[in-house]
Amino acid sequence: MRILTVVGNRPQFIKAAAVSGRLRERHDEVLVHTGQHHDDALSAVFFSELGLAEPDRQLSIAGGSNTSQTARMLSALEPIVAESDAGAVLVYGDTNSTLAGALAAAGARRPVIHVEAGMRSFDRAMPEELNRVLVDHVADLLLCPSHSAAANLAAEGIGVRQPSAGAEAKTPQVSVVGDVMVDVAMQWQPRAAASGATLDALGVRPGGFLVLTAHRAGNVDVPERLATLVALTTALAADGSYGPIVLPLHPRTRKRLDEAGLRSTLEGAAGVHVTEPLSYAAFSALVCQARAVLTDSGGVQKEAYLAGVPCLTLRDTTEWVETVQTGWNTLVDLDRDAIAAALGGKPPAERPPLYGDGHAAERCVEAIDTFVAERGIAGSQ
Ligand code: UDP
């Protein structure tokens, strides 16, 4: 069957790197890159490094508000979906590209496959949360990283046959497959944990530094929050108790720092190493060998857990609740005392496997095959 996959930003390239190769063993995949992340450091590097096939279509849509960006993507995707003879459209995660891909498919009455379904922060102020909820409610096959994600869907009535639905209505299928980012991390982390090149280049030693990433709108688009983030980063580095802070700067954050006139404060602060966004291998080496990770990223919370490195999440909610329940992740928001307390604590003794065993992509493809067979989706080759 032909499957049209829509990707657009960094974590989606990483997720697609896990799934795309396996999907192509059995199906004909057409890869559409919306352009949401277009610069080399956030896009091209992952295609080459992780062996992801070059996109078949490049839409080059970036910038603007979430609403305008999603609308432009939707307009561009409508004819692509209509002209393609794809039997289904596959989307990943929770971005504007995810929502546009899902809506374009649903509008064209093509089945929507959502990888990383069911994640919820229960914070509708997050653009990602709106995208997740909306995509899950139009999806036909929902592939969840965890049982708690599947429970979130059930609580919203997704996958539960509605008595009022007509005879023709098809109940969405929900399957727990594990997390496809974990597949990639499990493959790369053993090498990353032993790799010294990135640490040497930065002049930091294993276990003697912190990694910090921040790019969520709630942290960097709100000037007071951004100023607080800069103040606590510089103070933490100046304190010196935890070693220097390595901060690969997301372009969105760079832009906001420039607008606020704060980039030089951060870059000039003692003990703060600001870098460009790093390749997957280089960033994994930092995560695996850090004393702790401070982040507002979803993917990085999981990767820290897998690496056995304590994570401090710079938010007051998370979708990856199991990392908090196991004691490896602490929601510190931007609270200096909470950060100091979490950094002073000891990591738990137990670290049970969460989000699968590194074979989530295989399960995704199996679930897609079953779905296609059960629905009798014709789709062409
Ligand atoms: N990442 C990377 N280089 C960096 C920072 C992050 O390769 O400099 C990777 C990281 O390992 C993870 C993913 O990017 O796999 C997370 O992406 P991001 O934080 O942009 O998105 P989120 O997970 O928050 O949606």
**Student:** Which heavy atom of Gly159 sits nearest a heavy atom of Val174, and at what distance?
**Tutor:** CA-CG2, 4.1 Å
**Student:** Quick one: are Arg254 and His215 in side-chain contact, heavy atoms under 4.5 Å?
**Tutor:** no
**Student:** Please determine whether residues Val133 and Met119 belong to a single hydrophobic cluster, defined as Ile, Leu, Val, Met, Phe, Trp and Tyr linked transitively by side-chain heavy-atom distances below 4.5 Å.
**Tutor:** no
**Student:** Closer than 3.5 angstrom, by distance alone: can the side chain of Gln189 be matched with the main-chain N or O of Glu303 as a donor-acceptor pair?
**Tutor:** yes
**Student:** Determine, step by step, whether Glu128 and Thr95 satisfy the side chain to side chain donor-acceptor pair (under 3.5 Å) criterion, reporting the C-alpha distance in whole Å, the side-chain angles of both residues, the deciding distance to 0.1 Å, and the verdict.
**Tutor:** CA-CA 6 Å; Glu128 295 90 346; Thr95 71; over 6 Å; no
**Student:** Are the side chain of Asp183 and the backbone N or O of Ala360 linked by a donor-acceptor pair below 3.5 Å?
**Tutor:** yes
**Student:** When rounded to the nearest 0.5 angstrom, what is the spacing between CD1 in Ile245 and CG in Leu294?
**Tutor:** 7.0 Å
**Student:** Would Tyr355 end up clustered with Trp188 when hydrophobic side chains under 4.5 Å apart are linked, directly or stepwise?
**Tutor:** no
**Student:** For the CD1 atom of Ile14 and the CG atom of Leu50, what is their distance to the nearest 0.5 Å?
**Tutor:** 6.5 Å
**Student:** Between Ala342 and Val332, which heavy-atom pair has the shortest distance, and what is it?
**Tutor:** CB-CG1, 4.1 Å
**Student:** So, taking the atom named CG in Leu90 and the one named NE2 in His27, what distance separates them when rounded to the nearest 0.5 Å?
**Tutor:** 10.0 Å
**Student:** Side-chain donor-acceptor pair under 3.5 Å between Glu322 and Ser148, yes or no?
**Tutor:** yes
**Student:** Do the side chains of Asp369 and Arg26 get close enough for a salt bridge, i.e. N-O under 4.0 angstrom?
**Tutor:** yes
**Student:** Going by heavy atoms in the side chains, are Lys15 and Val115 under 4.5 Å from each other?
**Tutor:** no
**Student:** Please evaluate residues Glu374 and Thr370 with respect to the criterion side-chain contact (heavy atoms from CB on, under 4.5 Å), reporting the C-alpha separation (whole Å), side-chain torsions for both, the decisive distance (0.1 Å), and the verdict.
**Tutor:** CA-CA 6 Å; Glu374 285 179 8; Thr370 307; 3.3 Å; yes
**Student:** Would you check if Leu306 and Val287 make a side-chain contact, meaning some heavy-atom pair closer than 4.5 Å?
**Tutor:** no
**Student:** Would Asp221 and Arg252 pass as an ion pair if we require N to O under 4.0 Å?
**Tutor:** yes
**Student:** Should Leu77 and Val91 be counted in the same cluster of Ile, Leu, Val, Met, Phe, Trp and Tyr side chains packed under 4.5 Å apart?
**Tutor:** yes
**Student:** Start with the C-alpha gap between Ser65 and Thr67, add the side-chain angles, then the distance that decides, and say whether side chain to side chain donor-acceptor pair (under 3.5 Å) holds.
**Tutor:** CA-CA 5 Å; Ser65 68; Thr67 307; 4.5 Å; no
**Student:** Are His37 and His250 an aromatic pair, judged by ring center distance below 6.0 Å?
**Tutor:** yes
**Student:** Side-chain contact, heavy-atom cut-off 4.5 Å: Val32 with Asp56?
**Tutor:** no
**Student:** Short question: side chain of Asn219, backbone of Leu314 - any donor-acceptor pair under 3.5 Å?
**Tutor:** yes
**Student:** Could Arg363 and Glu366 be called an ion pair, given the rule that one side-chain N must be under 4.0 Å from one carboxylate O?
**Tutor:** no
**Student:** What do you reckon, are the aromatic ring centroids of Phe13 and His33 less than 6.0 Å apart?
**Tutor:** yes
**Student:** Is there side-chain contact between Ile368 and Val372, with heavy atoms separated by less than 4.5 Å?
**Tutor:** yes
**Student:** Where do Leu229 and Thr233 come nearest, in terms of heavy atoms and distance?
**Tutor:** O-OG1, 2.7 Å
**Student:** Give me the atom names and distance for the closest heavy-atom approach of Glu129 to Asp123.
**Tutor:** CB-O, 3.2 Å
**Student:** Measuring from Leu331:CG to Asp316:CG, what's the distance to the nearest 0.5 Å?
**Tutor:** 7.5 Å
**Student:** Run the ring-centre check on Tyr305 versus Trp320 and record whether the distance is less than 6.0 Å.
**Tutor:** no
**Student:** Taking Thr295 for the side chain and Ser297 for the main chain, is one N or O donor matched with an acceptor at less than 3.5 Å?
**Tutor:** yes
**Student:** At what distance, to the nearest 0.5 angstrom, does CD of Gln289 lie from OG1 of Thr198?
**Tutor:** 8.5 Å
**Student:** For Arg120, is there an ion pair with Asp136 - N to carboxylate O distance below 4.0 angstrom?
**Tutor:** yes
**Student:** Indicate yes or no: does Asp239 engage Arg336 in a salt bridge with an N to O separation below 4.0 Å.
**Tutor:** no
**Student:** Does a salt bridge link Glu319 with Arg315, judged by any charged N lying under 4.0 Å from a carboxylate O?
**Tutor:** yes
**Student:** Taking Asp94's backbone N and O only, do any of them form a donor-acceptor pair with Asn131's side chain (distance below 3.5 Å, no angle check)?
**Tutor:** yes
**Student:** Just checking Glu78: does its CD atom have more than 12 heavy atoms from other residues, nucleotides or ligands closer to it than 6.0 angstrom?
**Tutor:** no
**Student:** Do the charged groups of Arg2 and Glu29 touch, with an N to O distance under 4.0 Å?
**Tutor:** no
**Student:** Evaluate side chain to side chain donor-acceptor pair (under 3.5 Å) for Gln12 paired with Thr98, printing each intermediate quantity in order.
**Tutor:** CA-CA 9 Å; Gln12 289 170 339; Thr98 320; 2.9 Å; yes
**Student:** Any non-hydrogen side-chain atom of Val246 less than 4.5 Å from a side-chain atom of Leu212?
**Tutor:** no
**Student:** Check for me, please, whether Phe283 and Val293 land in the same ILVMFWY cluster - side-chain distances under 4.5 Å, paths through other members count.
**Tutor:** yes
**Student:** So, Thr234 side chain and Ala231 main chain: donor-acceptor pair closer than 3.5 Å or not?
**Tutor:** yes
**Student:** Does Val112 offer a backbone N or O that forms a donor-acceptor pair with the side chain of Asp140 under 3.5 Å?
**Tutor:** yes
**Student:** If you count every heavy atom of other residues, nucleotides or ligands that lies below 6.0 Å from Arg191 atom CZ, does the total exceed 12?
**Tutor:** yes
**Student:** For Asn96 and Gln36, work out which heavy atoms get closest and say how close.
**Tutor:** N-OE1, 3.8 Å
**Student:** Can a donor-acceptor pair be found, under 3.5 Å and without considering hydrogens, that links the side chain of Thr253 to the backbone of Ala214?
**Tutor:** yes
**Student:** Any chance you could lay out the side chain to side chain donor-acceptor pair (under 3.5 Å) test for Thr313 and Asn329, step after step, and finish with the verdict?
**Tutor:** CA-CA 7 Å; Thr313 294; Asn329 187 5; 2.7 Å; yes
**Student:** Which residue, Leu210, Thr275, Val211, Val309, forms the side chain to side chain contact (heavy atoms under 4.5 Å, CB included) with Leu286?
**Tutor:** Val211
**Student:** Run through Thr70, Leu59, Thr34 and flag the one making a side chain to side chain contact (heavy atoms under 4.5 Å, CB included) with Ser97.
**Tutor:** Thr34
**Student:** Side-chain contact test, heavy atoms from C-beta onward, threshold under 4.5 Å: evaluate it for Leu249 versus Pro277 and give yes or no.
**Tutor:** no
**Student:** Out of curiosity, Arg375 CZ to Lys170 NZ, how far, rounded to the nearest 0.5 Å?
**Tutor:** 6.0 Å
**Student:** Closest heavy-atom contact between Pro206 and Leu199?
**Tutor:** N-CD2, 3.6 Å
**Student:** Between Arg132 and Glu116 (salt bridge meaning N to carboxylate O under 4.0 Å), is one present in this structure?
**Tutor:** no
**Student:** Checking Arg10 side chain against Ser43 main chain: does a donor-acceptor pair fall under 3.5 Å?
**Tutor:** no
**Student:** Does any non-hydrogen side-chain atom of Val204 lie less than 4.5 Å from one of His273?
**Tutor:** yes
**Student:** Does one hydrophobic cluster hold both Val19 and Leu142, with members joined at side-chain heavy-atom distances below 4.5 Å?
**Tutor:** no
**Student:** Using the side-chain contact (heavy atoms from CB on, under 4.5 Å) rule, take Val180 and Val182 through it: C-alpha gap first, then chi angles, then the decisive distance, then the call.
**Tutor:** CA-CA 5 Å; Val180 299; Val182 167; over 6 Å; no
**Student:** Are there over 12 heavy-atom neighbours, none belonging to Arg57, within less than 6.0 Å of that residue's CZ?
**Tutor:** no
